[in-house]
Amino acid sequence: MAVEAARLTIRITLPDGSVREVPAGTTARQVAEQISQGLARAATSAKVNGETWDLSRPINQDASVEILKEDGPDALYVLRHSSAHALATAVRQLYPGAGIGFGPPIDDGFYYDFEVPRPFTPEDLAQIEEKMREVAKEDQQFARREVSREEARELFKGDPLKLERLEELGPDEIISVYTNGPFVDLCRGPHLPGTGRIRHFKLLHGAGAYWRGDSRRQMLQRIYGTAWYKKADLDQYLHRLEEASKRDHRMLGKQLDLFSIQEDVGPGLIFWHPKGAVIQFQLRRLIEDEVLKRGYDLVYTPHITREDLFRRSGHLPLYEHNQYPAMGAGAGESDEVRYRAKPMNCPGHVLIYSSRQRSYRDLPIRLAEVANVYRNELSGTLHGLLRVRGLTMDDAHIFCREDQIEEEIFQMLDLTDHILGKVFGLDYRLDLATRPEKKIGNDEAWDVAEQALAKALERRGLKYGMDVGGGAFYGPKIDVKVRDAIGREWQGTTIQLDYQLPLRFELEYIGSDNKPHRPVMMHRAIYGTIERFVGLLIEHFVGAFPVWLAPEQVRVIPITDDQAPAAKKIHERLRATAVRSHLDDRNETLNYRIRDGELMKVPYIVVVGAREVEQGTVAVRARGAGNKQEILPLDAFEQRLAAEIASRSLVLGKI
RNA sequence: GCUGACGUAGCUCAACGGUAGAGCAGCUGAUUUGUAAUCAGCAGGCUAAGGGUUCGAUUCCCUUCGUCAGCUCCA
């Protein structure tokens with residue numbers, strides 16, 4: 001204590017490496033003012049020894065200090081955090097009894113959760129936004145204060161949600177509260193100097209949200225908003241939201257006539273129209289060809305099975321909430337027999353494995369099946385193709401010896417990269433998901449399994465994140481998150497290790513020691529599900545598929561009826577070489593038909609006029625190329641097209 | 001499943017509690033087109049379904065189904 005008191009000055013190191021000696025207790029704002037008034041005005045917060053701090057918080061020790069202006073993610077987080085407080089301030093003024101939950105900054109914005117007797121209506125939101133503008137105009141200063149636990153309890157005695165949070169703070173944690181105008185919040189901070197810096201914001205929507213994210217607890221009313229330092233940034237963000245909705249696969253699916261979901265049949269069940277079915281067909285072909293090259297065998301298994309199978313596998317009762325209820329027995333069977341639609345293929349593949357004796361020489365056995373399964377997903381979670389109840393998994397199960405695990409995982413990661421990275425050009429991110437709360441099997445087995453996955457990932461030199469508690473109930477997994485063009489992440493590929501099913505089904509192989517051993521089992525799906533994958537592809541390509549995947553690859557358009565027979569011949573010749581060609585000889589203008597072809601995102605429009613018929617050429621218009629057409633002999637076009645399809649080129653016109 | 005909003009022609013959208021409309025698509029005819037919408041005519045609806053209030057309901061209320069956003073869950 002005596003030593004500290006003796007230190008009247010501290011050393012502040014700035015980003016450029018320069019050092020300033022200032023009195024202890026100097027704030028970042030004072031440091032900024034020393035540098036320049038302009039910097040002080042532009043400052044939003046500061047990085048003190050790597051932590052984001054309020055400008056007004058006294059610095060009492062030697063520190064590195066960086067003044068944060070309005071650019072950069074940290075400064076935006078501060079703005080949005082303060083915006084959340086301004087929102088809560090407004091809500092508290094309009095609804096004095098409102099309980100306050102959490103109000104954090106998030107990507108692109110912020111939210112705050114309120115406990116109110118009646119949910120907010122859109123009109124309420126407009127009114128709240130108005131009030132929030134007043135709060136911003138008043139430029140209420142944010143004041144940070146550290147308080148004792150007792151003091152905090154007193155401060156928030158009317159806020160049960162805050163009290164609950166308060167009691168979770170550890171004994172060593174600093175309890176800080178922030179005050180702006182009439183509003184006090186238990187909050188770690190940091191904040192802007194005042195609400196006056198919150199200028200360009202918009203409340204987006206309200207929604208229910210469970211307190212603490214727990215569906216057993218009360219539902220609070222969450223208000224989402226976005227905030228930016230510059231008006232241009234706000235406008236750009238709102239514009240981006242609009243653009244994003246234009247590439248929504250549900251809308252494009254309708255426009256391009258790819259698929260439908262019909263109320264008469266039920267939610268989450270997909271009708272693949274001819275054009276969408278083409279895409280599914282190509283994906284099936286691709287993966288089936290590829291796994292055959294990689295030593296898998298294809299199998300087919302029943303869609304319904306006796307429910308005892310799922311009892312033995314452990315799906316019942318653990319996974320029952322996701323399964324459709326049991327249906328009755330087949331004719332002639334006992335009334336006590338029940339059947340279930342399969343939610344997963346693993347038990348079926350296990351039965352193929354166990355249908356005969358296996359030798360260590362047979363392993364690994366890799367069984368693949370592009371199969372439909374049915375899962376009774378909660379209605380509120382369904383979302384176009386991205387979350388459905390009738391799923392088509394490109395599923396496979398690998399049965400192998402312990403010493404083969406790492407190599408098999410390694411190979412699966414290679415297959416994943418081949419399909420996602422090379423063929424489709426998608427960026428993806430890996431997560432290692434560990435044991436969940438609801439699980440089967442003991443912790444020792446989980447330890448071994450989790451380590452095996454980590455080892456394979458590391459051997460491949462892949463970066464991965466941890467998803468603690470995110471594993472399947474039967475084993476840990478490596479999940480692949482695919483980012484679509486809008487930036488949202490979806491789980492696609494999944495690679496799962498499973499020690500449980502082999503145990504439950506008492507799987508065996510005869511080892512070189514002539515004794516029975518238990519194989520290890522792995523589950524994996526590269527696309528994840530065809531539905532989700534196609535949905536992602538639609539959004540990724542904005543419906544403009546590469547030629548090999550395009551439902552309609554070529555549209556042949558005769559200029560007048562005189563060329564219709566010749567155009568028909570060209571179309572039929574293309575179709576005979578398995579090119580997906582369509583003839584558009586409708587009684588419409590050329591412009592009309594070109595426009596229609598472009599809107600349907602057909603890669604190549606082949607125009608046939610009198611000159612082309614005479615010379616045996618075609619006038620090819622590539623999608624999106626405007627009126628830059630290319631005239632070439634039909635043979636040459638055919639060859640180029642064939643090469644482009646065969647190479648699965650992602651870029652139009654490139655082989 | 002939960003909270004809220006929404007559901008009108010094939011699609012996108014209008015219509016104070018007072019006879020349901022438009023554009024596109026479709027059909028018929030004219031037109032025969034050289035690279036993003038030719039013209040005219042016609043047809044298209046138990047306003048998601050069911051119940052209620054009312055002289056009268058697309059409009060107000062209730063129930064069910066579905067969609068959307070978010071939460072929870074998940075491929």
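None of these values were measured; they are calculated from a predicted model.
Taking atom C1' on both nucleotides, B/A48 is separated from B/A57 by 16 Å, rounded to a whole Å. B/U8 and B/A15: their C1' atoms are spaced 10 Å apart (whole Å). Comparing the C1' positions of B/U59 and B/C2 gives a spacing of 29 Å, expressed to the nearest Å. Annotation: B/A43 and B/G51 have their P atoms spaced 31 Å apart (nearest Å). Atom name C1', nucleotides B/U32 and B/C39: the rounded distance is 14 Å, in whole Å. Nucleotides B/A49 and B/U58 are separated by 11 Å at their P atoms, to the nearest Å. As rounded to the nearest Å, B/C24 and B/G17 have C1' atoms that lie 31 Å from one another. The same atom, P, is picked in B/G66 and in B/G56; the two are 32 Å apart, to the nearest Å.
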(message) I'd like to compare against my own output: the B/S/- annotation of nucleotides 66-75 of chain B with a strict under-4.0 Å heavy-atom distance to protein.
(response) SSSSBBBBBB
(message) For nucleotides 35-47 of chain B, give me one character per nucleotide, 5' to 3': B if any protein heavy atom sits under 4.0 Å from the base, S if the only such contacts are to the sugar-phosphate, - if neither.
(response) BBBB---------
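Between A/Asp431 and A/Ile478, every side-chain heavy-atom pair lies at or beyond the 4.5 Å cut-off. Proximity of A/Leu220 to A/Tyr112: side-chain heavy atoms (C-beta onward) are nowhere separated by under 4.5 Å. Side-chain atoms of A/His303 and A/Val373, non-hydrogen and from C-beta on, never get closer than 4.5 Å to each other. A/Thr226 places a side-chain heavy atom less than 4.5 Å from the side chain of A/Leu204.
Residue A/Glu614 qualifies as open at atom CD: its count of foreign heavy atoms under 6.0 Å is 12 or below.
A/Glu320 places its CD atom 16 Å from the C1' atom of B/G1, with the value rounded to the nearest Å. Counting to the nearest Å, the P atom of B/U33 and the CZ atom of A/Arg611 are 13 Å from each other. A/Gln221 places its CD atom 10 Å from the C1' atom of B/C2, with the value rounded to the nearest Å. Here B/U3 presents its C1' atom at 13 Å from CD1 of A/Ile223, a figure rounded to the nearest Å. Between A/Asp264 atom CG and B/U64 atom P the separation is 20 Å, expressed in whole Å. What separates CG of A/Leu258 from P of B/C11 is a distance of 16 Å, to the nearest Å. Nucleotide B/G4 holds its C1' atom 15 Å from the CG atom of A/Leu204, rounded to whole Å. One atom, CE of A/Met600, and another, C1' of B/C24, lie 14 Å apart when rounded to the nearest Å.
Checked against a 6.0 Å centroid threshold, the rings of A/His205 and A/Tyr224 count as neighbours. Ring-centre distance between A/His540 and A/Phe424: not below the 6.0 Å cut-off. Aromatic pair A/Phe201/A/Trp228: ring centres not closer than 6.0 Å. Centroid-to-centroid, the aromatic rings of A/Phe120 and A/Tyr95 come within less than 6.0 Å.
Atom CZ of residue A/Phe102 and atom CG of residue A/Asp113 lie 8.5 Å apart, to the nearest 0.5 angstrom.
Listed candidates were B/U3, B/U12, B/U33. Nearest to the side chain of A/Lys254 is B/U12.
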(message) Once pairs are restricted to Watson-Crick or G-U wobble with both distances under 3.5 Å, how does RNA chain B read as a dot-bracket string, [ ] for crossings and | for other-strand pairs?
(response) (((((((..((((....[..)))).(((((.......))))).....(((((..]....))))))))))))....
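A cation-pi arrangement, defined by a distance under 6.0 Å to the six-membered ring centre and an angle within 45 degrees of its axis, is present between A/Arg222 and A/Tyr111.
Screening A/His523, A/Glu369, A/Arg366 for a side-chain hydrogen bond (donor to acceptor under 3.5 Å, both in side chains) involving A/His349 leaves a single residue, A/Glu369.
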